[in-house]
Amino acid sequence: MPSGLEFPHIIDLYMMDPETERVVLVMHERRPWTGSDEQIFQLQEKMNAYMSFALDGEMTDESPELADLPLRIELRCVGEPDERTLHYLTLIHDQLALHEVEFMVSIRQKNGECCGGDGKDCGCE
């Protein structure tokens with residue numbers, strides 16, 4: 001199944017983190033950050049889809065055991081965000097905090113070097 005920001009209506013991955021007892025919704029961006037209007041729009045659309053999935057009940061319809069657990073959205077990307085994207089990520093962080101949703105950005109590859117993961121979910125493949 002396709003995944004990534006360019007597929008905004010697909011939930012890339014969700015799971016329960018047993019260490020934090022949080023539901024983690026993961027989205028991938030395997031392309032370098034450009035700050036383009038298109039990439040920012042895709043980020044916004046993906047985030048809207050994730051929030052709808054989590055808050056409108058679709059997630060708990062699929063996985064009732066995740067009901068009432070705290071939520072984290074994790075954006076896994078292959079490089080440092082540019083300044084424009086970083087600005088939007090900060091706005092997203094602040095908005096999600098108002099809904100008591102944790103948001104984090106995980107850079108899986110730096111300077112062309114693999115993060116050391118298995119390549120399946122990290123974007124280093």
Count I, L, V, M, F, W, Y as connected when their side-chain heavy atoms are under 4.5 Å apart, and connections chain through other members. Are [X] and [Y] then in the same cluster?
{"X": "I73", "Y": "M104", "result": "no"}
{"X": "Y88", "Y": "L5", "result": "no"}
{"X": "L25", "Y": "L55", "result": "yes"}
{"X": "L91", "Y": "M47", "result": "no"}
{"X": "M51", "Y": "I40", "result": "no"}

Please confirm whether the backbone N or O of [Y] pairs with a side-chain atom of [X], one donor and one acceptor, at under 3.5 Å?
{"X": "Y50", "Y": "V26", "value": "yes"}
{"X": "D12", "Y": "G4", "value": "yes"}
{"X": "Q39", "Y": "P32", "value": "yes"}
{"X": "K46", "Y": "M27", "value": "no"}
{"X": "S52", "Y": "N48", "value": "no"}
{"X": "S63", "Y": "E65", "value": "no"}

Worked verdict on V101 versus Q95 for side chain to side chain contact (heavy atoms under 4.5 Å, CB included): CA-CA 9 Å; V101 175; Q95 285 299 309; over 6 Å; no
Quick one: closest heavy-atom pair of [X] and [Y], and the distance?
{"X": "S106", "Y": "E74", "answer": "CB-OE2, 3.5 Å"}
{"X": "L69", "Y": "E21", "answer": "CD2-O, 3.9 Å"}
{"X": "A49", "Y": "P8", "answer": "CB-O, 3.1 Å"}
{"X": "T60", "Y": "A67", "answer": "CG2-CA, 3.5 Å"}

What verdict does the side chain to side chain contact (heavy atoms under 4.5 Å, CB included) test give for R72 and L96, after you've listed the backbone C-alpha separation in whole Å, the side-chain angles of each residue and the deciding distance to 0.1 Å? CA-CA 9 Å; R72 178 174 76 227; L96 293 178; over 6 Å; no
Is it the case that more than 12 heavy atoms not belonging to E83 sit under 6.0 Å from its CD atom?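 No, CD of E83 has 12 or fewer neighbouring heavy atoms, counting only those of other groups under 6.0 Å.
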If you draw a 6.0 Å radius around CG in D68, do more than 12 non-hydrogen atoms from other residues or ligands fall strictly inside?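 Not more than 12 within 6.0 Å, no.
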Applying side chain to side chain contact (heavy atoms under 4.5 Å, CB included), run through E45 and E6 and close with a yes or a no. CA-CA 9 Å; E45 289 294 297; E6 61 267 45; over 6 Å; no
Do NZ/NE/NH1/NH2 and the carboxylate oxygens of R76 and E29 come within less than 4.0 Å?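 No, this pair does not count.
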Using a 4.5 Å cut-off on heavy atoms from C-beta on, say whether the side chain of [Y] contacts that of [X].
{"X": "R30", "Y": "S3", "result": "yes"}
{"X": "L71", "Y": "E102", "result": "no"}
{"X": "D61", "Y": "M59", "result": "no"}
{"X": "L43", "Y": "L75", "result": "yes"}
{"X": "P70", "Y": "V23", "result": "no"}
{"X": "F41", "Y": "Q44", "result": "yes"}
{"X": "M16", "Y": "V24", "result": "no"}
{"X": "F103", "Y": "L89", "result": "yes"}

Interatomic distance, L98 atom CG to H93 atom NE2 [nearest 0.5 angstrom]: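 Nearest 0.5 Å value for the CG-NE2 distance: 10.5 Å.
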With sequence neighbours left out, write down each residue that passes side-chain hydrogen bond (donor to acceptor under 3.5 Å, both in side chains) with T85, or none if nothing qualifies.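 D82.
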Derivation and outcome, side-chain hydrogen bond (donor to acceptor under 3.5 Å, both in side chains), residues E62 and Y14: CA-CA 11 Å; E62 286 185 20; Y14 73 98; 2.9 Å; yes
